Amino acid sequence: QPQLVESGGGLVQTGDSLTLSCVASGHTFAFTNYDMGWFRQAPGKEREFVGVISWNGGRTDYADSVKGRFTISRDNAENTVYLQMNSLKPEDTAAYYCAAKLTYGSGGDSADVSIYQYWGQGTQVTVSS
């Protein structure tokens, strides 16, 4: 069973920047077979899509709420995906999760949580006003 481990969360102020990392491990886990997504979940709310990056980094897609502020990238040599967050707002406060879905065979909308096979445990981001 592969593991996804997020890190980099913390308490920041409005307008600050933060970069989250997600490292994938597992001797049978071929990182380049997976598109990697980021989701977030605030207390009392459903988990929501933040963005996704294709297996080779050639394509990204973002939720409208973060477009222009957040950037996803990946380093396939390090089995790591990043979420660079700029101009943070209090409404960005949430637990952030990375997730992996097979590039081939995971049909459907990348914003749909149900099509992701593996999830990390989450890292908390709190933005104070």
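Note that this is a predicted model, so its numbers are computed, not measured. By convention here, the first residue in the shown sequence is residue 1. All values below come from the heavy atoms of this structure, side chains included, with hydrogens, waters and symmetry mates left out.
Taken from CG in Asp35 to OG1 in Thr103, the straight-line distance is 3.5 Å, to the nearest 0.5 Å. Between the CE atom of Met36 and the CG atom of Leu83 there is a distance of 11.5 Å, given to the nearest 0.5 Å.
Scanning all heavy atoms of the two residues, the minimum distance from Arg74 to Gly57 falls at CD-N, 3.9 Å. Across all non-hydrogen atoms, the minimal contact from Lys101 to Ile115 is CB-O, 3.5 Å. Nearest heavy atoms, Ser17 versus Asn86: OG-OD1, 2.9 Å. For the residue pair Ala94 and Ala42, the shortest heavy atom distance occurs at CB-N, 3.8 Å. The two residues Ala24 and Leu4 come nearest to each other via the heavy atoms CB-CD2, 3.5 Å.
Side-chain N or O atoms of Tyr116 include one that pairs as donor or acceptor with a backbone N or O of Ser110 at under 3.5 Å. No donor-acceptor distance shorter than 3.5 angstrom exists from the side chain of Gln13 to the backbone of Val127, with no hydrogens or angles considered. With hydrogens and angles disregarded, no donor-acceptor distance shorter than 3.5 Å links the side chain of Thr126 to the backbone of Leu11. Although no hydrogens or angles enter the test, the distance criterion places a donor-acceptor pair under 3.5 Å between the side chain of Thr80 and the main chain of Glu78. Of the possible donor and acceptor atoms, one in the side chain of Thr14 sits under 3.5 Å from a partner among the backbone N and O of Ser128.
By the side chain to side chain donor-acceptor pair (under 3.5 Å) test, Ser114 pairs with Asp112, sequence neighbours left out. Lys45 meets the salt bridge (charged side-chain N to carboxylate O under 4.0 Å, His left out) test with no other residue; sequence neighbours excluded. Evaluation of the side chain to side chain contact (heavy atoms under 4.5 Å, CB included) rule for Ser73 yields Tyr82 as partners, not counting sequence neighbours.
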| task | Apply side-chain contact (heavy atoms from CB on, under 4.5 Å) to the pair Tyr97 and Gln121, showing each step before the final yes or no. | result | CA-CA 7 Å; Tyr97 300 86; Gln121 84 291 345; 5.9 Å; no
message = With side-chain contact (heavy atoms from CB on, under 4.5 Å) as the criterion, how do Leu20 and Glu6 come out once you've worked through the C-alpha distance, each side chain's angles and the decisive distance to 0.1 Å?
response = CA-CA 7 Å; Leu20 306 183; Glu6 303 95 336; over 6 Å; no
Show every donor-acceptor pair shorter than 3.5 Å between a side-chain atom in residues 47-56 and any protein atom, with sequence neighbours excluded, or say none if there are none.
{"from": "Arg47", "atom 1": "NE", "to": "Gln41", "atom 2": "OE1", "distance (Å)": "3.2"}
{"from": "Arg47", "atom 1": "NH2", "to": "Gln41", "atom 2": "OE1", "distance (Å)": "3.3"}
{"from": "Glu48", "atom 1": "OE2", "to": "Arg40", "atom 2": "NE", "distance (Å)": "2.6"}
{"from": "Glu48", "atom 1": "OE2", "to": "Arg40", "atom 2": "NH2", "distance (Å)": "3.2"}
{"from": "Ser54", "atom 1": "OG", "to": "Asn56", "atom 2": "OD1", "distance (Å)": "3.1"}
{"from": "Ser54", "atom 1": "OG", "to": "Gly58", "atom 2": "N", "distance (Å)": "3.1"}
{"from": "Ser54", "atom 1": "OG", "to": "Arg59", "atom 2": "N", "distance (Å)": "2.9"}
{"from": "Ser54", "atom 1": "OG", "to": "Arg59", "atom 2": "O", "distance (Å)": "3.4"}
{"from": "Asn56", "atom 1": "OD1", "to": "Gly58", "atom 2": "N", "distance (Å)": "2.9"}

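Heavy-atom contacts from other residues, nucleotides or ligands closer than 6.0 Å to CD of Gln3 number 12 or fewer.
Between Phe70 and Tyr96, the two ring planes are tilted [angle within 30° to 60°].
No continuous path of hydrophobic side-chain contacts links Phe31 to Val23 [ILVMFWY only; heavy atoms under 4.5 Å].
The list of side-chain hydrogen bond (donor to acceptor under 3.5 Å, both in side chains) pairs with a residue in residues 22-34, not counting sequence neighbours, is empty. Residue pairs that meet the disulfide (SG to SG under 2.5 Å) test with at least one member in residues 21-69, sequence neighbours left out, are Cys22-Cys98.
Between Lys89 and Asp92 no salt bridge is recorded (no basic side-chain N to carboxylate O distance below 4.0 Å).
Between Glu46 and Val113 there is no side-chain heavy-atom pair separated by less than 4.5 Å.
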